[in-house]
There are 2 protein chains.
Amino acid sequence: MNEAAVPDIVISRLPLYLQILNQMAKEGLHTISSKDLSERSGLSASQIRKDLSFFGGFGKQGQGYSIYHLLEQLQKILNMNRIWQVAVIGVGDLGRALTHYQGFANQGIEIVLLFDIDPKVVGSQVGSLNVQHTDHLEEEIRRSGVRMAILTVPVDAAQSIANRLVEAGVRAILNYAPVTLRLPDFVNVQHIDPVLHLQHMMYYLGND
Amino acid sequence: MNEAAVPDIVISRLPLYLQILNQMAKEGLHTISSKDLSERSGLSASQIRKDLSFFGGFGKQGQGYSIYHLLEQLQKILNMNRIWQVAVIGVGDLGRALTHYQGFANQGIEIVLLFDIDPKVVGSQVGSLNVQHTDHLEEEIRRSGVRMAILTVPVDAAQSIANRLVEAGVRAILNYAPVTLRLPDFVNVQHIDPVLHLQHMMYYLGND
DNA sequence: TAGATTGTTAATCGATTAACAATC
DNA sequence: TAGATTGTTAATCGATTAACAATC
């Protein structure tokens, strides 16, 4: 981690702004006000202006923000002026779905390594990639210099694979296994778990 | 929404406690202290005690919490004393992966309806379910009384399908499409988007 | 009993919002 | 110019943490 000056909660909203701006660019729009962004994001205009001002004054009083310019700035802030190569560990249904997912293109993300332990899967082709055995994980990660990984292995394998990824140089892990990974502070971990989200919502549905 | 007394951020942590307690029960443990839970979750012991105390005093001074009892209480709070039926709209790779996902069993979640618009997919069998055409969405949701939905359709279809779901009675939507849905306040929406998480982490990876 | 750990209060910390001068 | 909207400050709001009496 490296929170330095800008709060992590601010950073977490930047990709959302990026997504909305991309959508608006696609719609052919050229400028946007914090009020427009507010309506599209559900966040307050005040908060959006404050978030952006952590990184500089990107707007013009009276006119708002240039979509093109703001996109460019956000991409730079998020280190998207390059492609980040990603390894996927666990090529089950979910790993396969992620490998085929079109939404990574143009977002600075490219899946370049696939690993599994199942002999029926190892050696098979998924998209344009060959699935390698998890035995070669360290070697391949080191060779390729991959720093990000997506973990879609069964819960019992997750922690030990995560440790090995970190050992091999991975510094950001997107974890789909339903377990809280315990890793050193210098590793970024994000957790995706539909069960947690669904149970969260169940609370509000009451019992009727 | 229905925040009443307990902050939403507290509710959002309950499923995580549940997950950890389930894991500990599986390990054969019987009691747990807020300190143990802290170590497994990465949250502070103080925060955990405060979160739980919103719902009552579940522990015993000097001993901690009974895992069994706490599990039971959390399940009740989250309305898990029943099975919540869920519709999946969009049976692509991701929708298919979710339908096959084993992690919903025993968590109060059951996928019971599948919809798609692609003639190659409509009518096909996925797991034990038949994929229906999205034309029948309202009719089937109403008939079955389903209140929760998972949205795995392309981004351009997401908002209009979401509107139709709400119209048909759905009150909780887990959205996998990369767009912010605009829905009435009485509908719960949660968003899962790996791109947002990966871009968030890219910030911290710097540029080396 | 002595030790451990809860439940809760008050203090601290941090994030959001409101307001408005600056300025395009 | 007049109107609109930013960037920023101060006020408010809410969440987390520290501390400790209660008590098992």
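Everything numeric here is computed off the predicted structure, so don't read it as measured data.
Of the candidates C:dT6, C:dT16, D:dT17, the closest approach to any side-chain atom of B:R49 belongs to C:dT6. The nucleotide whose nearest atom lies closest to any side-chain atom of A:S33 is, among C:dA15, D:dT5, C:dT6, D:dT5. Nearest to the side-chain atoms of B:S53 among the listed nucleotides C:dT8, D:dT8, C:dA15 stands C:dT8.
For the pair A:Q47 CD and D:dT8 P, the computed distance is 17 Å after rounding to whole Å. The nearest whole Å value for the distance from the CZ atom in A:F58 to the C1' atom in D:dT5 is 17 Å. Atom CD1 of B:I9 is separated from atom C1' of C:dT16 by 13 Å (rounded to the nearest Å). Across the protein-nucleic acid pair, B:Q63 atom CD and D:dC24 atom P stand 9 Å apart, rounded to whole Å. Whole-Å rounding puts the B:D51 CG to D:dG14 C1' distance at 14 Å. One interatomic measurement links the two molecules: CZ of A:F55 to P of D:dG7, which rounds to 13 Å at whole-angstrom precision. Atoms CD1 (B:I32) and P (C:dA4) sit 18 Å apart, rounded to a whole Å. Rounded to an integer number of Å, the gap from A:K35 NZ to C:dA18 P is 15 Å.
Between A:Q61 and A:S46, it is A:S46 whose nearest contact on DNA chain C lies nearer the 5' terminus.
Nearest heavy-atom pair, A:L98 versus A:I111, reported as atom, atom and distance to 0.1 Å: O-CD1, 3.5 Å.
Heavy-atom contacts from other residues, nucleotides or ligands closer than 6.0 Å to CD of B:E138 number more than 12.
Look at A:E39 and A:K35 and you find a salt bridge, because one of the NZ, NE, NH1 or NH2 atoms lies within 4.0 Å of a carboxylate O, short of that distance. Salt bridge B:R143/B:E140: present, at least one basic N to carboxylate O contact under 4.0 Å.
Summarising the base pairing, C:dC24 is matched to D:dG3 through a Watson-Crick or G-U wobble pair whose two defining distances lie under 3.5 Å. Base pairing of D:dA18 is made with C:dT9, judged by Watson-Crick or G-U wobble geometry with both donor-acceptor distances under 3.5 Å.
In this structure, A:Y65 reaches the D:dG7 phosphate: one of its side-chain N or O atoms is under 4.0 Å from OP1 or OP2. Between B:S34 and the phosphate of C:dT6, there is a side-chain N or O to OP1/OP2 separation shorter than 4.0 Å.
Note on B:K50: a base of the nucleic acid sits closer than 4.0 angstrom, heavy atoms only.
Here the rule is side-chain contact (heavy atoms from CB on, under 4.5 Å) with B:R171, and of B:L183, B:V146, B:V166 only B:V166 fits it.
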